[in-house]
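Because the structure is predicted, anything quoted here is derived from the model rather than measured.
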Amino acid sequence: MPSVPRAAVDIMDDLLRESVDAPYPGQEALERLIRRAAAPLPVRPQAAPRSLPAGPARCPVPQKLRPAPKRKATHYFDIEAANRLSAARDALDSLARAAPGQSRRVSKSAVIEAALTLACDAFETAGPESPLARRLLPPAASTPPVSDV
């Protein structure tokens, strides 16, 4: 390193090395890791299939089902609707904690997801007569419009 100006040399290297010819700390371990990563994987003998004991056939245990992937969404609510959501979540959470064997909390996301599913199911079934459509759409005229014929 004599050709390198003194300002360009890292002082920590000088402090950590025992001498100029000594490798930097951890060099041997890094070299072993590189050699091990570059080496081909060892061939493992294939295990012989185990024979199952005679008796009733065992049903395969289903893997734990993953919940459907969720998507984050931001929506703005009227303050009164947000307060009602909080009150509903608190009441459902109290009911859930009182139920035997229930240790999971009820989240606002779960309340909104359930309400949205119920509203969409009702709309898909009843269409314009659903509570969702009646609340969002203007009331239909009681008499059809008169045509100019």
Side-chain angles (χ1 to χ4, degrees), residues 7-18 22-149:
V9 175
D10 185 7
I11 192 169
M12 289 304 291
D13 283 343
D14 291 341
L15 292 174
L16 295 173
R17 287 188 189 174
E18 295 172 8
Y24 59 86
Q27 181 177 356
E28 292 86 11
L30 180 61
E31 288 173 352
R32 280 195 309 269
L33 179 65
I34 291 171
R35 281 194 299 273
R36 198 169 51 205
L41 293 175
V43 178
R44 293 184 179 161
Q46 236 178 358
R50 296 186 315 177
S51 61
L52 295 175
R58 295 183 182 179
C59 296
V61 177
Q63 290 184 355
K64 192 174 189 179
L65 298 175
R66 287 187 181 170
K70 301 208 177 214
R71 180 176 154 233
K72 184 175 181 178
T74 301
H75 300 283
Y76 296 93
F77 297 102
D78 182 53
I79 292 174
E80 180 60 29
N83 291 339
R84 289 179 69 191
L85 171 64
S86 294
R89 193 215 52 93
D90 292 342
L92 287 167
D93 195 41
S94 297
L95 291 171
R97 289 179 184 273
Q102 178 75 12
S103 62
R104 199 175 121 220
R105 293 192 61 176
V106 176
S107 67
K108 287 183 182 178
S109 295
V111 174
I112 291 173
E113 187 173 346
L116 182 61
T117 301
L118 291 171
C120 289
D121 288 347
F123 177 72
E124 290 165 359
T125 303
E129 298 303 317
S130 68
L132 179 66
R134 284 191 312 239
R135 181 162 186 144
L136 295 176
L137 300 175
S142 58
T143 59
V146 178
S147 61
D148 295 333
V149 178

Enumerate the residue pairs fulfilling side chain to side chain donor-acceptor pair (under 3.5 Å) with a member in residues 121-135, sequence neighbours excluded, ordered by first and then second residue. none
Using salt bridge (charged side-chain N to carboxylate O under 4.0 Å, His left out) as the criterion, list what pairs up with Lys72, not counting sequence neighbours. none
Begin from the C-alpha positions of Ile112 and Phe77 and carry the test side chain to side chain contact (heavy atoms under 4.5 Å, CB included) through to its verdict. CA-CA 12 Å; Ile112 291 173; Phe77 297 102; 4.2 Å; yes
Using side chain to side chain contact (heavy atoms under 4.5 Å, CB included) as the criterion, list what pairs up with Ala38, not counting sequence neighbours. none
Show me the side-chain donor-acceptor pairs of residues 84-92 shorter than 3.5 Å, one per line, residues at least two apart or across chains.
from, atom 1, to, atom 2, distance (Å)
Ser86, OG, Ala82, O, 3.3
Ser86, OG, Lys108, NZ, 3.0
Arg89, NH1, Val106, O, 3.2

With sequence neighbours excluded, residues passing side chain to side chain contact (heavy atoms under 4.5 Å, CB included) with Ser109: Ser107
Test of understanding: with side chain to side chain contact (heavy atoms under 4.5 Å, CB included), list the residues that count as partners of Arg36, not counting sequence neighbours. Leu33
Can you give me the closest heavy-atom contact between Ala122 and Pro131, atom names plus distance? CB-CD, 4.4 Å
Please check if atom CG in Leu136 has more than 12 non-hydrogen atoms from other residues, nucleotides or ligands closer than 6.0 Å. yes
